[in-house]
Number of protein chains: 2
Amino acid sequence: MSESGAAVRNTRQRSAVSALLAEVEGFHSAQDLHAMLRDRGERVGLTTVYRTLQGLADAGEIDVMRPPGGEHLYRRCSEGHHHHLVCRACGRTVEVAGPTVESWADRVAAQHGFTDVSHTLEIFGTCPTCTP
Amino acid sequence: MSESGAAVRNTRQRSAVSALLAEVEGFHSAQDLHAMLRDRGERVGLTTVYRTLQGLADAGEIDVMRPPGGEHLYRRCSEGHHHHLVCRACGRTVEVAGPTVESWADRVAAQHGFTDVSHTLEIFGTCPTCTP
DNA sequence: CGCGATAACGACAATGATTGTCAAAAACGC
DNA sequence: GCGTTTTTGACAATCATTGTCGTTATCGCG
């Protein structure tokens, strides 16, 4: 159980989740995605959706956001590393990239001797549309 | 229901929670704080602790962190705005201040027309002690 | 100083997302 | 094709957090 048989199998359900994530825009909760799959006629268990999403998140193929609201939101986070600017009122999400922040975080962590560094950054505000 | 009776009352329990937060170091969960209060002999309900912490967080008097683990962690976030560098292995927390990030976040948000901006940033890594 | 309105408390139940369990089914290597 | 091993999925369990609602304490005012 050490090598060779790494064994990550290619299943119909896994493909379905990946395919769905490739199509939808923005963030969606696990339950949300599960519902969409059902609508499409794909028969996938909720537990499997959760597990698949976790796996994808571990593999770094998708992005996880934990809004104050409660549920985790997942999104296909293909290329590059970026953060999100979220409207408090309407939930609209804008992607932002910040090389500055990346390097700053890495530098600060390195100064303290930390290795294997990652970070989470979310910006909240009220978007123009929602400003009276 | 518009004004005059703003009414935020000063209760023993509220003082107890504030006092405790003023003394302890680092982050603690609501349940953790509740247990400490009990040890001190303060009789405060868990529900009240949750509500008080929420109120303090709304008022900006304390800081809330939501680690991947699950529970929310609260901390007296007195002066200045800072972020945290957390060790994945031992949980050790280092405070870091980043004027760069602050201004960057504000600027980016402003560029997109967002107002009333706030942000959340957490850096995770493995600290020197936990690095083999 | 005391009284009444009303906010806050608190014990308990409810909620609800996530995780664990485990037998059955599917996938891959040979 | 066949057996082994991963994966699936229905269901139950977990557990932090939130709602409920009668009771209690606080504060403003007479």
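Since the model is a prediction, treat every value here as computed from it, not as a measurement. In what follows, chains are A, B, ... by sequence order, proteins preceding strands, each numbered from 1.
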Can you check the [X] [atom1] to [N] [atom2] distance for me, whole Å?
X	N	atom1	atom2	answer
B/L73	D/dT17	CG	C1'	14 Å
A/D32	C/dT18	CG	P	12 Å
B/H34	D/dT17	NE2	P	13 Å
B/R14	C/dG10	CZ	P	11 Å
B/D58	C/dA8	CG	P	13 Å
B/L53	D/dA16	CG	P	15 Å

Exercise. Starting from the 5' end of DNA chain D, give me the residue, B/Q54 or B/N10, whose nearest nucleotide shows up first.
Key: B/Q54
Exercise. Could you say whether A/T11 or B/R12 is positioned toward the 5' end of DNA chain D, judged by the nucleotide with the nearest heavy atom to each?
Key: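 Checking each residue's closest nucleotide, the 5'-ward one belongs to A/T11.
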Quiz item: Between A/V94 and B/F114, is any pair of side-chain heavy atoms under 4.5 Å apart?
Solution: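 With C-beta onward as the side chain, the pair touches.
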Practice problem: Taking the side chain as every heavy atom from C-beta outward, state whether B/I123 and A/W104 have any atom pair closer than 4.5 Å. | Solution: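 Counting from C-beta outward, B/I123 and A/W104 do come under 4.5 Å.
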Quiz item: Checking A/S103 side chain against A/P99 main chain: does a donor-acceptor pair fall under 3.5 Å?
Solution: yes
Exercise. Please give the angle, rounded to 10 degrees, between the axes at the start and the end of the helix from C/dC1-D/dG30 to C/dC30-D/dG1, where five pairs define each axis.
Key: 40°
Quiz item: Considering heavy-atom distances to DNA chain C, does A/Q31 or A/Q13 have its closest nucleotide positioned more toward the 5' end?
Solution: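 Final value for this comparison: A/Q31.
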Quiz item: Which of residues 37-52 of chain B have a heavy atom under 4.0 Å from DNA chain D?
Solution: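 By residue number: B/T47, B/Y50, B/R51.
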Quiz item: Given C/dA17, is OP1 or OP2 found less than 4.0 Å from the side-chain N or O atoms of A/H72?
Solution: no
Quiz prompt | Least distance between heavy atoms, B/A16 atom then B/L37 atom | solution =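 That would be O-CD2, 3.9 Å.
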Quiz item: Between B/R107 and B/E102, is there a salt bridge with N-O shorter than 4.0 Å?
Solution: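 No salt bridge links B/E102 with B/R107.
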Quiz item: With the 4.5 Å side-chain cut-off for hydrophobic clustering, are A/L73 and A/F124 part of the same group?
Solution: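 Same hydrophobic cluster.
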Quiz item: With distance as the sole criterion, do the side chain of A/R9 and the base of D/dT5 form a donor-acceptor contact below 3.5 Å?
Solution: yes
Exercise. For residues B/H84 and A/H119, establish whether the separation of their ring centroids is below 6.0 Å.
Key: no
Practice problem: Tell me, please, which residues at least two apart from A/H34 pass ring-ring contact (aromatic ring centres under 6.0 Å, His included). | Solution: none
Quiz item: Which of parallel (below 30°), tilted (30 to 60°) and perpendicular (above 60°) describes B/H72 and B/Y74?
Solution: tilted
